[in-house]
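My questions all concern the structure below.
Residue numbers start from 1 in every chain, and the chains themselves are labelled A, B, ... in the order their sequence lines are given, proteins ahead of strands.
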Amino acid sequence: MAYLKKSPWLLHYDASSCNGCDIEVLACLTPLYDVERFGIINTGNPKHADVFVITGGINEMNRQVVKNIYAQIPDPKVVVAVGVCATSGGVFRECYNIAGGVDQVIPVDVYVPGCAARPESIIDGIVTALGILEEKRTKMKEQEGSA
Amino acid sequence: MTSIIAAIAYLVLAPLVGGLISGIDRKITARMQGRVGPPILQPFYDVAKLFEKEDVTVTPSQNTFILSYLVFMALTGALFFAGEDLLLVIFAFTLAHVFIVLGAYAAFSPYSYIGAERELISLMAYEPMIILTAVGFYLVTGSFYVGDIAASQAPAILYLPGVFVGFLTILTIKLRKSPFDISTSHHAHQELVKGLTTEFSGATLGKIEIAHWYETVVLLGIVYLFFGFNPLLALVAIAVTYVLEIFIDNTFSRMKWQTTLKSGWGAAAILGFLNLVVLYYFYLGV
Ligand code: SF4
């Protein structure tokens, strides 16, 4: 059964965002948007998370951090890159310390455009990610079955 | 015979009731905060999902500990609803918590260590009051057996108002509500990550959640005992108590562990103890 879609817990990580996107991510939790309606909870713990939301580009200091967090999230998991910085590096792309978008270090499933990304598009991105999450779970089950 | 049926009914129904209570809790909480809130069945979705996830185990022993936690929590309730000795129920209850603390210690992580230590503190904080509650029931009804207490026609609440308020204080600790949610809570504590439950994921976390549902039902069962002379009134009292807990949860921010300890022991020493002293001198049992 697809309970995963009904209870996605997310982990929000600020890679090197200007904080614009972070505010918008947090805005999703406020009474106006209230993502808990969809069972979405913002956990602070990678081991409880299903959806990894990253804002901001990857810099050389947090490359390892992002990889580490990603590795700690139990399967199935999806990564949502929020804002143009997270998708490609955005305005910081050419900076000496920026490695680029999140997909430079870990596989990204959904890219949410915008600077800053609007709460509506963030929620839309997460809902899209839930479909992918479900696909991954099915694949995981199949692999378990064949193994 | 009826006691066995009651125990089995508890084992089967308590997770359903507990989960439903937790869902209603989240809904009311959301409404208090001006949000729409998740569906009432959300806690069941959460647990079902946890069982779908990959099981990441840090140390194999932690799974054994958490399983023991669940088993002893279920046993606590089964003993309670079978009408057994309240003291035995309390000891099984404590033992269950010792297991979750051991599980958290076994995980070797700074966050779960802090969580485990704080859980021990809250264990210390509520234990005196819970024992005084049992003693209070004994003074009023003349029995430690839950079955006798529940069947007693003595209006326990009238004799034990102090004990009841004291019990409400530790109920807040036990339900992991603010201001006493020091070891872990339903909302993330960013600075402690998830405290006690940080290192548990997937099915193991699901078991902790189910054990918590069992626990909620037992605790509300103890509230029932105060009003056992009138079952209808008891159900109303349980509902009012729980809404009050949600209200407290939403009104207070989390406080330091010292406050938990002081409140737990303060409630036991002042409300519980004085109540029992008065009762002991002026009322000589049924
Ligand atoms: S996309 Fe814009 S708002 Fe978001 S982190 Fe980058 S610069 Fe800031």
Side-chain angles (χ1 to χ4, degrees), chain A residues 1-14 22 25-53 68-78 123 130 133-144 147, chain B residues 19 22-23 25-58 62 104 107 109-112 115 184-206 208-209:
Chain A
M1 276 297 284
Y3 290 113
L4 206 48
K5 282 174 85 169
K6 288 186 170 160
S7 148
W9 293 357
L10 49 94
L11 176 71
H12 169 211
Y13 180 74
D14 172 358
D22 299 311
V25 168
L26 294 178
C28 299
L29 304 172
T30 59
L32 185 60
Y33 297 104
D34 185 31
V35 288
E36 207 195 349
R37 275 181 294 161
F38 311 117
I40 299 176
I41 289 182
N42 185 11
T43 72
N45 184 358
K47 293 190 175 157
H48 296 179
D50 310 297
V51 183
F52 188 12
V53 175
N68 190 341
I69 296 176
Y70 181 74
Q72 285 190 45
I73 302 177
D75 280 323
K77 56 190 163 192
V78 282
I123 295 175
L130 297 185
L133 197 61
E134 190 47 41
E135 264 169 41
K136 286 194 178 178
R137 189 188 71 89
T138 328
K139 227 178 253 165
M140 208 174 101
K141 278 268 130 38
E142 275 166 14
Q143 267 167 6
E144 267 173 25
Chain B
S22 147
D25 178 345
R26 281 175 69 176
K27 195 81 185 173
I28 296 180
T29 299
R31 287 292 155 88
M32 282 184 181
Q33 297 170 352
R35 296 186 286 115
V36 179
I40 300 281
L41 295 181
Q42 187 62 40
F44 296 107
Y45 300 150
D46 288 347
V47 167
K49 174 206 71 175
L50 287 171
F51 281 93
E52 282 179 351
K53 291 279 283 185
E54 176 194 22
D55 208 356
V56 180
T57 305
V58 187
Q62 74 181 41
S109 129
Y111 302 113
S112 63
T184 181
S185 83
H186 303 289
H187 329 285
H189 288 159
Q190 302 282 350
E191 87 285 12
L192 289 179
V193 189
K194 265 292 211 180
L196 195 64
T197 54
T198 303
E199 297 301 324
F200 304 123
S201 54
T204 318
L205 187 63
I208 294 179
E209 217 27 64

Relative to chain A, which segment of B:Leu41 carries a heavy atom at a distance below 4.5 Å: side chain, backbone, both, or neither?
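Neither part; nothing is under 4.5 Å.
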
Would you check if B:Gln33 and A:Pro31 make a side-chain contact, meaning some heavy-atom pair closer than 4.5 Å?
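Of all side-chain heavy-atom pairs linking A:Pro31 with B:Gln33, none is under 4.5 Å.
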
Minimum heavy-atom distance between A:Asp34 and B:Val36, given as atom pair plus value:
OD2-N, 3.0 Å

Are the side chains of B:Lys49 and A:Trp9 in touch, meaning some heavy atoms are under 4.5 Å apart?
yes

How many angstroms lie between atom CG of B:Leu205 and atom CG of A:Asn45, to the nearest 0.5 angstrom?
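If we round to the nearest 0.5 Å, B:Leu205:CG and A:Asn45:CG are 8.5 Å apart.
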
A:Lys47 NZ to B:Ser109 OG distance, which is reported to the nearest 0.5 Å
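One gets 6.5 Å once the value is rounded to the nearest 0.5 Å.
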
Between atom CZ of B:Phe51 and atom OH of A:Tyr3, what is the distance when rounded to the nearest 0.5 Å?
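Answer for the CZ-OH pair, B:Phe51 versus A:Tyr3, is 12.5 Å.
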
Hey, what do you get for CD (A:Glu36) to OG1 (B:Thr29), rounding to the nearest 0.5 Å?
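The distance works out to 8.5 Å.
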
Below 4.5 Å from any heavy atom of chain B, which atoms of A:Leu29 appear? Answer side chain, backbone, both or neither.
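Contact with chain B involves the backbone of A:Leu29 alone.
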
Decide yes or no for B:Arg26 and A:Ile41: does some side-chain heavy atom of the first lie under 4.5 Å from some side-chain heavy atom of the second?
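Answer yes - side chains close enough.
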
Under 4.5 Å from a heavy atom of chain A, the part of B:Phe200 involved:
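B:Phe200 touches chain A through backbone heavy atoms alone.
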
Shortest non-hydrogen contact from B:Gln42 toward A:Lys6:
NE2-O, 3.1 Å

Can we say A:Lys77 and B:Glu54 salt-bridge, meaning some charged N sits less than 4.0 Å from an Asp/Glu carboxylate O?
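Result for this pair is no, no salt bridge flagged.
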
Considering only NZ, NE, NH1 and NH2 on the basic side and carboxylate oxygens on the acidic side, decide whether B:Lys53 and A:Asp75 come within less than 4.0 Å.
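No, this pair does not count.
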
Is it true that a side-chain atom of A:His48 and a backbone atom of B:Glu199 form a donor plus acceptor pair closer than 3.5 Å?
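Side chain of A:His48 to backbone of B:Glu199: no pair is present.
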
